[in-house]
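Note on naming: letters A, B, ... go to the chains in the order of the sequence lines (proteins, then strands), and numbering restarts at 1 for each one.
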There are 2 protein chains.
Amino acid sequence: MQAKDPKPARTSPPIPATPGKATLADVARVAGVSTITASRALGNPTIVAERTRLKVQQAVSQTGYVPNLLAGGLKSSRSRVIACLVPTISSGSSFMLAVQSLTETLAAAGYQVMLGQRGYQQDTENALIDAVVSRRVDGIVLMGAIRSAPMRRRLQAIGIPVVEAWDKTRTPVDMLVGFSHEAAGAAMANYVHRKGYRQAAMIVASEPRSALRARGFAKAAARHGHTGIPAAQIDAPTRLRHGRAGTAELLALHPKLDVIFCASDLVALGAITELKQRGLRVPEDVAVLGFGDLDFAVDIDPALTTVQIDSVEIGRRSADMLMEKLAGKPVAEPVVDLGFSIIERDSG
Amino acid sequence: MQAKDPKPARTSPPIPATPGKATLADVARVAGVSTITASRALGNPTIVAERTRLKVQQAVSQTGYVPNLLAGGLKSSRSRVIACLVPTISSGSSFMLAVQSLTETLAAAGYQVMLGQRGYQQDTENALIDAVVSRRVDGIVLMGAIRSAPMRRRLQAIGIPVVEAWDKTRTPVDMLVGFSHEAAGAAMANYVHRKGYRQAAMIVASEPRSALRARGFAKAAARHGHTGIPAAQIDAPTRLRHGRAGTAELLALHPKLDVIFCASDLVALGAITELKQRGLRVPEDVAVLGFGDLDFAVDIDPALTTVQIDSVEIGRRSADMLMEKLAGKPVAEPVVDLGFSIIERDSG
DNA sequence: TTGTAGGCGTTATCAT
DNA sequence: ATGATAACGCCTACAA
């Protein structure tokens, strides 16, 4: 009953010896149908006879067949993989929450996520783009905008759908979902003014978005008559210890400051830790303002006043936009400003 | 001078109009060599003449060629992609640090990481395995062991290299790099005994590893004559607020407890927050012990006594083992116990 | 409803 | 050192 097999006959029963290596042709042989019928039974079950479908189904479980999306993708040039490129895979960053919702939303639609770390150097980034493009990802989500013009041109030339997330820029490569970091900084400065603080200071991370917020803060503060806002510079990604060190530095130079706008919630927690240890009260002596509204912000003592970003929504919208575009639909709103809100709690 | 092109002639000069769409055949044509020579010049430069290599190089930049690893992978059955399956993509988890070093190590060797979220349900996990296997990943790194026997059999049947990370189990699917959570729990119980605490309690997360540590702790405590260690149950992934809630619960039921072993550093931070807010001193009134030695552990107040795990090494070793195996070498040490250490600081 | 032929872009195999 | 040819596994035509 065995069909002649042109392959260098190994054991050659219809059921391949090496599981996971079965091909659609194997399934078809076992089911007694042609390859294309097996293909249809799997991918378009409505157009094959019920009996055929069942035979194929059974052959699939018998052979342990797992489709090869590489082969399918070669023909259709759709890999059903989306690249997600983050500045750094660090815990404590609100990026990861967006990555999570992105992954979940995409998984529900049959897409997988290829993760890449952009790093802070141009070289790495170029190589990373090469790496994902050569794997024919169907789209790219960039956490953080593209700032270099050559890179922007390059991505445009490649022609893959791209979503830039987190930053709102005037020159998106393709699609964008984010908010204005400068506006967020300005909003915090206005809040500080409204609350009547007199000596503001900042802890700023060496990362474009933090710098933008600092700039927005300084500009708005200037409008209220406060110029020369002192700033402590820290490294990115931000850590609790940077908050402590930055606070110590600011306190030494400006003993009379009464509020600190921090680069992140983690930094804010560090600031609070440092202040409390020095016997200063938060917010009575020095107020602390965070950024991100991470999970823990509401539960620390005092509860953190911070800028809330809807990371989950950023991830979901990025996925949705990408999938709209991949479905060939015109993307209703290719540039989305999700905004932010200041959550007033107890720390300032 | 134009070769006849069988394709539906668009503009059809040797340099394709659509960048990123050039194929190896285009490159070969421009360079005036055969496709296979172009392939070799790129993938195996040592075996072609220097002059040829240069011509091909130039043709590549002229055409904007980006290799199609899908096509190459179809033939060579090597996708140069590794799946990394984590329980959950959450910030405060030490998994992400391992994911980071895994990604970096693999990237340096030309591999990309496909990220997947296992979730806490079997269904999801099965579908996830399907998703990555059908994309023909070269290997799988599982953060957290496989506990279900059918799943273990399934992975073994598929025959892809698998690394289970974080847990040490007696029945690894393939390779493993981790440590014994039960031993870590026991070590903490011994530490507690050595330090002379009398009334220990635990905050335990609904997640197998935390449960294992709790078991190890309870067993070792029993050996020192302490039975019935009270435990507060919290959800996974762990959060700061769970630490507060768990502490409140324990305090209500066991007002005389003098040390709490927490499911994670984040939970420990929550415990400290709660205790301090109630006017209790750490460690004088109640000591707090963490798990993970996350980045912030050393910088909180009081500095956290905790179990240190070398997450970075877990990621790196996972990558190394996988690459050894993929290179066809026998893996020197397919099961690695990386151990842990208790870092004594100020919290207990 | 089912089948046949051909091709997606690359690399393995076997020549030259 | 370089080429011609044939797969790799699937799916889109087009037939039957």
Distance in angstrom units between [X] [atom1] and [N] [atom2], rounded:
{"X": "B/R29", "N": "C/dG9", "atom1": "CZ", "atom2": "P", "value": "11 Å"}
{"X": "B/K21", "N": "C/dG9", "atom1": "NZ", "atom2": "C1'", "value": "13 Å"}
{"X": "A/R78", "N": "D/dC11", "atom1": "CZ", "atom2": "C1'", "value": "14 Å"}
{"X": "A/R40", "N": "D/dC10", "atom1": "CZ", "atom2": "P", "value": "15 Å"}
{"X": "B/L74", "N": "C/dA12", "atom1": "CG", "atom2": "P", "value": "12 Å"}
{"X": "A/I36", "N": "D/dG9", "atom1": "CD1", "atom2": "C1'", "value": "12 Å"}
{"X": "A/Y65", "N": "D/dG9", "atom1": "OH", "atom2": "P", "value": "10 Å"}
{"X": "B/R135", "N": "D/dC10", "atom1": "CZ", "atom2": "C1'", "value": "15 Å"}

Is the distance from OP1 or OP2 of [N] to the nearest side-chain N or O of [X] less than 4.0 Å?
{"X": "A/T23", "N": "D/dC10", "answer": "yes"}
{"X": "B/S77", "N": "D/dC8", "answer": "no"}
{"X": "A/S34", "N": "C/dT2", "answer": "no"}
{"X": "B/T37", "N": "D/dG3", "answer": "yes"}

Selection: residues 42-52 of chain B, any non-hydrogen atom under 4.0 Å of DNA chain C |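 Per residue number, the list is empty: none.
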More 5' along DNA chain C: B/L70 or A/V33, using each one's nearest nucleotide?
->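 Comparing both residues, the 5'-ward one is A/V33.
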Inter-end axis angle, the helix from C/dT1-D/dA16 to C/dT16-D/dA1, with every axis fitted to five base pairs (rounded, 10 degrees) =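 It comes to 30° between the two terminal axes.
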Keeping the roles fixed (side chain from [X], backbone from [Y]), state whether a donor-acceptor pair exists under 3.5 Å.
{"X": "B/Q117", "Y": "B/I89", "answer": "yes"}
{"X": "B/Q112", "Y": "B/V81", "answer": "no"}
{"X": "A/S79", "Y": "A/R136", "answer": "yes"}
{"X": "B/D167", "Y": "B/G144", "answer": "no"}
{"X": "A/R78", "Y": "A/V137", "answer": "no"}

Chi angles and distances behind the side-chain hydrogen bond (donor to acceptor under 3.5 Å, both in side chains) call for A/N68, B/R135 = CA-CA 6 Å; A/N68 185 337; B/R135 279 159 182 101; over 6 Å; no
Any B/R317 side-chain heavy atom under 4.5 Å of B/V163 side chain =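 No, every pair of side-chain atoms sits at 4.5 Å or beyond.
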So do the side chains of B/L42 and B/P67 get within less than 4.5 Å of each other, counting heavy atoms only?
->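 When only atoms from C-beta onward are counted, B/P67 and B/L42 do not touch, as no gap falls below 4.5 Å.
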Any donor-acceptor pair under 3.5 Å between the side chain of B/R136 and the base of D/dG9?
->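 Answer is no: no donor-acceptor pair is held.
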So, does the side chain of B/K75 form a donor-acceptor pair with the base of D/dA7 at under 3.5 Å?
->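 Check passes, donor-acceptor contact within cut-off.
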Return the set of residues passing side chain to side chain donor-acceptor pair (under 3.5 Å) with B/K55 (not counting sequence neighbours), or none when no residue passes.
->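 Scan of B/K55 (side chain to side chain donor-acceptor pair (under 3.5 Å), adjacent residues dropped) gives none.
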A/D26/A/K21 salt bridge by N-O under 4.0 Å criterion |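 Salt bridge between A/K21 and A/D26, a charged N being under 4.0 Å from a carboxylate O: no.
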Under 4.0 angstrom, heavy atoms only, what part of the nucleic acid is A/L24 near: base, sugar-phosphate, or nothing?
->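 Contact class for A/L24: sugar-phosphate only.
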